[in-house]
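To start, the structure itself, in structure tokens.
All values below were derived from every heavy atom in this structure, side-chain atoms included, with hydrogens, water molecules and symmetry-related copies excluded. As the structure is a prediction and not an experimental result, all values here were calculated from the model. Each chain gets a letter, A, B and so on, in the order its sequence line appears, and its residues count up from 1.
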There are 2 protein chains.
Amino acid sequence: MDDSTREIEHLVNLMAKLPGLGPRSARRAVLHLIKKRALVMTPLANALQNVAATARECVNCGNIGTQDRCDICANEKRATGQLCIVEDVADLWAMERGQAFGGRYHVLGGTLSALDAVGPEELRIPKLLERIRAEGITEVVLALNVTVDGQTTAHYIAEHLTHVSVTSLAQGVPIGGELDYLDDGTIQAAFKARKQF
Amino acid sequence: MDDSTREIEHLVNLMAKLPGLGPRSARRAVLHLIKKRALVMTPLANALQNVAATARECVNCGNIGTQDRCDICANEKRATGQLCIVEDVADLWAMERGQAFGGRYHVLGGTLSALDAVGPEELRIPKLLERIRAEGITEVVLALNVTVDGQTTAHYIAEHLTHVSVTSLAQGVPIGGELDYLDDGTIQAAFKARKQF
């Protein structure tokens, strides 16, 4: 085995560590990259290097940016008094794609979990309480995943917040959803929260 | 949107172009990379840059290596007189993982296809005929995919080879295969090729 075969194998092994790629799809991706070297591989290598060098966590909310404060925390137009709590940066991105929310975010970095020994201190919850005082927050929107851990965390946070309005995303039938394919819990939640048509 | 958000979006877009990754899994992969910066992201960027800079096609067989001739073509121990024909480098890697074959390879770079206007000239077939003469090949093993295009190409090659023995991989029930899950064609092929137990 020559050096290049080792280099390529090394690259395949690294690619296979990405979520969503196994060894087989990593090999396919690497061959695709080698074939499209100028068009995809070199730009991808450069983009990875750039992001690796510049990306950092916002000290305020936990979002990812290049500065100490991310562009959302630095944007004065978003000082609306509303604060949206999400588990992860991916959820923040999803909320931003939805374009429904104009305030700022607070990224917990996970959920409370007795099993994994994740307590409030591990979750940027002290920072959350500090921000609510410092930024004049009037409404906290809980946008946590509708999972056991997500909802446990939501309840914990709601219990510890005083003097602010606490709301959470509505639960119900998703847009495009077919009842036949929905789980019982969603049907129950949607029925309970039914509204005048 | 600040520069970093643009950089990250650019990286997500590039990742989403890889086979097997869509926009959603590309976002997940990028967040994973940013979290594991030192452990995965920087090594991946370096490995991509290395391979992009050094990988090239073997002038003899079409495999990927760092030299004009790949390590298999350069390895004198593999001058066994056997030549294995594969469609793609991925198939060559699969054969090598099988560790059943000790000779050299010839990568066609695709299959004949009237629809896509792929003729023998596009497929490194002239080079194949030249190699058979030059390298004293006595047996050509056809390891093409068992698809319509793959088998058309296999027949075309077999018709144009004289003075060498032409074999092909056996067709039948795969190891671990359950009859109930196999298609009719495989069952028929396996029955026709049945052998004394």
Pick one of side chain, backbone, both or neither for [X], based on which atoms fall under 4.5 Å of a heavy atom in chain B.
X     : value
A:I72 : neither
A:N63 : neither
A:L11 : both

Taking every heavy-atom pair that is under 4.5 Å apart, which of [options] has the most such pairs with chain A?
options                    : value
B:I34, B:N13, B:T42        : B:I34
B:L18, B:V89, B:L48, B:V30 : B:L48
B:R97, B:H10, B:R28        : B:R97

Salt bridge [X]-[Y], side-chain N to carboxylate O under 4.0 Å:
X      : Y      : result
B:E96  : A:R27  : no
B:E87  : B:R124 : no
B:K127 : B:E130 : yes

Look only at the side chain of A:D116 and the backbone of A:V118, and say whether a donor-acceptor pair between them is shorter than 3.5 Å. no

Does any non-hydrogen side-chain atom of B:L129 lie less than 4.5 Å from one of B:L161? yes

Can you tell which of A:S25, A:A52, A:G22, A:A29 has the highest number of heavy-atom pairs within less than 4.5 Å of chain B? A:A52

Just to verify, what does A:H32 make a ring pair (Phe, Tyr, Trp, His ring centres under 6.0 Å) with, not counting sequence neighbours? none

